[in-house]
Asks: 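Got a structure for you, questions after.
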Amino acid sequence: MHTFTVWAPAASAVSLVLRSGALKMADTDDGGWWELEVPKAGHGTDYAFSVDGSEPMPDPRSPWQPDGVHGFSRVFDTGLHEWSDADWAGRDARGSVFYELHIGTFTPEGTLEAAAGHLDYLVALGVEMVSLMPVAAFPGRHGWGYDGVDLYAVHESYGGPEALQRFVDQCHSVGLAVCLDVVYNHLGPSGNYLGSFGPYFTSRHTTPWGPAVNLDDTGSDEVRRWICDNTLRWFRDFHLDALRLDAVHALADDSPKHLLAQLSEETAALSASLGRPLGLVAESDLNDPRMVEPVAEGGLGMTAQWSDDFHHALHTLLTGERAGYYVDFGEPAVFAKTLREVFLHDGSYSTFRGKDWGRPVDPGRHRGGEFLVYTSNHDQVGNRALGDRPHLTPGQLAIGAALVLTSPYTPMLFMGEEWGASTPWRYFTDHDEPELAEAVRTGRRREFAAYGWDAEDIPDPQDPATWQSSVLDWAELDEPPHRELLAWYRDLLALRARSDDLRDDRLGSAEISYDEAGSWLVIRRGSLRVVVNLDPGELLVPLDGVPAYQVMAFGAAEIVTEGVRIAGHGVGVFAA
């Protein structure tokens, strides 16, 4: 027995379409909901809906799309999985070591099952929170997942919904929490049938991807419910520990209560009911600490948010790039500010945006754990013209790792960075519609032509080779210098795990000194000092007081009377 329901407020008639034929649904007289109880239906039953005689369309809340985003939905009973994580106490996202990975390129197989085969590796590395890029069903076989259209389903090529339940259960069995990237600010163009059911979109606002999701216009109560129920379902039925909310600055909402505040309150209530922490991690371009302030105090209630300013300051310090949104970054003083105060732009003028931007973070109200920092992520690699990872020496990569993992913030790694993966991570799609495929291809080339790139140099997102080139090469782990860099990451993460000084997330707890030429940095974290040589040649880095001993170093380092003599692009941690 299964009861099928769908929201179609403007419809005159709605039919449930089964493989055996169509059945008329009843109007419940409850705000546009239609329903039908089918005695012989249940887990595994294929179905679709027809609105006012339309062709069969997938369920807006489809839990399973085995035949792709244009095919029939399938009933999935989330209660069939026998969970083994009853003793799992959960994990607070704040302060956990995140590891962002894309299921389709993390392994050659590109499945959740194959990814689970590397969980012991992640535990040995020191990871605490596996952060999955979107798994909601999207067009084709290969893609980033940010053009998903069936937000309740799990992409079939990854293994479908049952595979996600197994993956989370396996993660919990080895002590790993799981964060899932969800996209509520827009939907992809292919397979998006929502507008045929009801006012899921509004012309009141626009986004870079087209009409905005309807959060504050007529019919928005049910659209908000569609989103909130999705969030609660991932936590409740798939046992996820956190959700990463994509580009929340694009959630256009003038309601008395912002969608994020509603999500925060409902998540907190479920967390109390389940007896374990549930996190909401926002990607926000606003540089506004209100994002992570309690709803009761006028905030939006997010657990944590990404901090791109820290990334930009670190990236430009190591690479020297200053184009585009990097224009205000690159100086040691800029990195020092982001290390101590989170944002560079906290009300100051942003040259890239052409206006003042952001608000300051009050250290009396906030902790560093509320902000995620990283040397790279899927955006900062994949949105480059060639999808290339930073062109740095092994020593520079080691410096970047040290500055992230010894910071007072919540650290995040992007898959493969821990061994200096040589594989790029490119933008790739798999659209069947020729017009859409060409629009994506030409749009990508046009975007980078503005920066002087030739069209033929930009990888074709539709070419299978673009996706294949982005798959991690795990054989590199046993080769120099990848092997040595991996050992450095493991040692740094182990030091962080056992050091109270490095886990101190008070803002301002990291003291930093540097020379104006940008040759060296020294960061004090309690009794520990992180000494960095940014130059390619050996340097004597002066210290106020001679360290007692060297804890670890990447590159030759020697304690001398005046400080530390350290190799070019070298970094070391010393005990005072």
Side-chain angles (χ1 to χ4, degrees), residues 91-101 106 115 118-132 171 174-179 241-242 281 304 306-307 310-311 314 318 339 368-369 371-377 389-390 392 394-421 472 474 476-478 481-505 509-510 523 525-532 550-555 557 570-575:
R91 185 182 294 278
D92 193 332
R94 293 164 295 192
S96 294
V97 178
F98 278 66
Y99 187 95
E100 187 186 30
L101 67 85
F106 185 58
H118 292 274
L119 296 184
D120 288 343
Y121 162 84
L122 295 178
V123 172
L125 176 61
V127 170
E128 295 170 314
M129 181 82 72
V130 179
S131 189
L132 301 177
C171 283
V174 296
L176 291 169
V178 185
C179 176
D241 301 283
V281 180
W306 283 23
S307 177
F310 183 95
H311 166 269
L314 178 55
L318 295 174
L339 181 67
F371 303 93
L372 269 67
V373 298
Y374 29 82
T375 63
S376 61
N377 59 42
R389 296 173 185 260
L392 300 171
Q396 289 174 310
L397 294 173
I399 290 170
L403 295 177
V404 166
L405 297 178
T406 64
S407 76
Y409 302 117
T410 294
M412 185 177 75
L413 282 59
F414 179 55
M415 61 177 196
E417 77 162 74
E418 70 274 16
W419 75 75
L472 287 177
W474 286 87
E476 291 183 333
L477 269 67
D478 297 322
H482 306 291
R483 180 177 58 226
E484 291 75 17
L485 191 61
L486 177 60
W488 173 250
Y489 268 84
R490 284 175 173 165
D491 289 346
L492 270 173
L493 285 165
L495 177 62
R496 183 183 185 276
R498 67 176 184 265
S499 170
D500 291 338
D501 288 334
L502 294 184
R503 293 197 306 274
D504 182 356
D505 70 343
S509 63
I523 299 168
R525 299 283 280 132
S527 62
L528 298 175
R529 299 184 188 183
V530 183
V531 179
V532 173
Q550 174 181 300
V551 179
M552 55 190 293
F554 194 93
V571 54
V573 181
F574 300 85

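For the numbers below, each heavy atom of this structure counts, side chains included, while hydrogens, waters and symmetry mates do not.
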Asks: State the CG-OG distance between L372 and S96, to the nearest 0.5 angstrom.
Replies: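 L372 atom CG to S96 atom OG measures 9.0 Å (nearest 0.5 Å).
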Asks: The test is side-chain contact (heavy atoms from CB on, under 4.5 Å); show your working for Y409 and S307 and say whether it passes.
Replies: CA-CA 9 Å; Y409 302 117; S307 177; over 6 Å; no
Asks: Specify the closest pair of heavy atoms between F414 and S376, including all atoms of both residues, with the distance to one decimal.
Replies: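 F414 and S376 have their closest heavy atoms at CB-O, 3.6 Å.
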Asks: At what distance, to the nearest 0.5 angstrom, does CG of N377 lie from CG of L413?
Replies: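 Reported value, rounded in 0.5 Å steps: 11.5 Å.
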Asks: For the side chain of R490 and the backbone of E418, is there at least one donor-acceptor N/O pair under 3.5 Å apart?
Replies: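 Not a single qualifying donor-acceptor pair exists.
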Asks: Going by heavy atoms in the side chains, are V571 and V531 under 4.5 Å from each other?
Replies: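 They are not in contact (no side-chain heavy atoms under 4.5 Å apart), so the answer is no.
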Asks: Counting only heavy atoms not in D504 (residues, nucleotides, ligands), do more than 12 fall under 6.0 Å from its CG?
Replies: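 Above 12, so yes.
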Asks: How long is the gap from CE on M412 to CE on M129, to the nearest 0.5 Å?
Replies: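 Rounded to the nearest 0.5 Å, the CE-CE separation comes out at 12.0 Å.
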Asks: Using the ring of each side chain (for Trp, its six-membered ring), is W419 parallel, tilted or perpendicular to W474, with breaks at 30° and 60°?
Replies: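 Plane angle between 30° and 60°, so tilted.
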Asks: Using a 3.5 Å distance criterion without hydrogens, assess whether the side chain of H482 forms a donor-acceptor pair with backbone atoms of L477.
Replies: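 Side chain of H482 to backbone of L477: no pair is present.
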Asks: Could you give the distance from CD (E128) to CG (L493), rounded to the nearest 0.5 Å?
Replies: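 Those atoms lie 8.5 Å apart.
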Asks: Measuring from L318:CG to T375:OG1, what's the distance to the nearest 0.5 Å?
Replies: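 Separation between the atoms: 8.5 Å.
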Asks: If only atom types and distance count, is the side chain of D241 paired as donor or acceptor with the main-chain N or O of V178 below 3.5 Å?
Replies: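 Such a contact is found between D241 side chain and V178 backbone.
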Asks: Between D501 and G526, is there a donor-acceptor pair closer than 3.5 Å when you use the side chain of the first and the backbone of the second?
Replies: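 No; judged by distance alone, with no hydrogens or angles, the pair does not exist.
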Asks: Applying ring pair (Phe, Tyr, Trp, His ring centres under 6.0 Å), can you list everything that pairs with F554, at least two apart in sequence or on another chain?
Replies: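 For F554 the ring pair (Phe, Tyr, Trp, His ring centres under 6.0 Å) partners, ignoring immediate neighbours, are W488.
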Asks: Check step by step if side-chain hydrogen bond (donor to acceptor under 3.5 Å, both in side chains) holds for S509 and R525.
Replies: CA-CA 7 Å; S509 63; R525 299 283 280 132; 2.9 Å; yes
Asks: For the residue pair P411 and T406, establish whether any side-chain heavy-atom pair is separated by less than 4.5 Å.
Replies: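 They are not in side-chain contact.
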Asks: Judged by atom type as modelled, is there a donor-acceptor pair below 3.5 Å linking the side chain of R503 to the main-chain atoms of A497?
Replies: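 Here the side-chain-to-backbone pair exists.
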Asks: Work out which heavy atom in A177 is nearest to a heavy atom in R91; give both atom names and the distance.
Replies: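 Minimum heavy-atom contact is CB-CB, 3.9 Å.
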Asks: For the atom pair CG (L403) and CD1 (I523), what is the distance rounded to the nearest 0.5 Å?
Replies: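 Going from the CG atom of L403 to the CD1 atom of I523 covers 4.5 Å.
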Asks: Answer yes or no: is there a side-chain heavy-atom contact under 4.5 Å between Y99 and L176?
Replies: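 The answer is no; the side chains never approach within 4.5 Å.
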Asks: Quick one: closest heavy-atom pair of A575 and V551, and the distance?
Replies: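 Taking A575 first and V551 second, the nearest heavy atoms are N-CG2, 3.8 Å.
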Asks: Begin with the C-alpha distance, continue with both residues' side-chain angles, and end with the deciding distance and a verdict on side-chain contact (heavy atoms from CB on, under 4.5 Å) for T410 and V373.
Replies: CA-CA 6 Å; T410 294; V373 298; over 6 Å; no
Asks: For A304 and G369, which heavy atoms make the closest approach, and how far apart are they?
Replies: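 The answer is CB-O, 4.2 Å.
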Asks: Between F310 and F371, is the gap from one ring center to the other below 6.0 Å?
Replies: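 No, the ring centres sit 6.0 Å or more apart.
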Asks: Go through the steps to decide whether E100 and Y374 satisfy the test side-chain hydrogen bond (donor to acceptor under 3.5 Å, both in side chains), and finish with yes or no.
Replies: CA-CA 10 Å; E100 187 186 30; Y374 29 82; over 6 Å; no
Asks: Are side-chain heavy atoms of V97 and R496 found at a separation under 4.5 Å?
Replies: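 V97 reaches R496 side chain to side chain.
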Asks: Tell me the closest heavy-atom pair linking A115 and F106, and the distance in Å.
Replies: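 Heavy-atom minimum between the residues: CB-CD2, 3.8 Å.
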Asks: Could you tell me which non-hydrogen atom of A93 sits nearest to which non-hydrogen atom of F98, and how far apart they are?
Replies: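 Where A93 meets F98 most closely, the heavy atoms are O-CE1, 3.3 Å.
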Asks: Dump the intermediate steps for side-chain contact (heavy atoms from CB on, under 4.5 Å) on L314 and I399, then the final yes or no.
Replies: CA-CA 10 Å; L314 178 55; I399 290 170; 5.5 Å; no
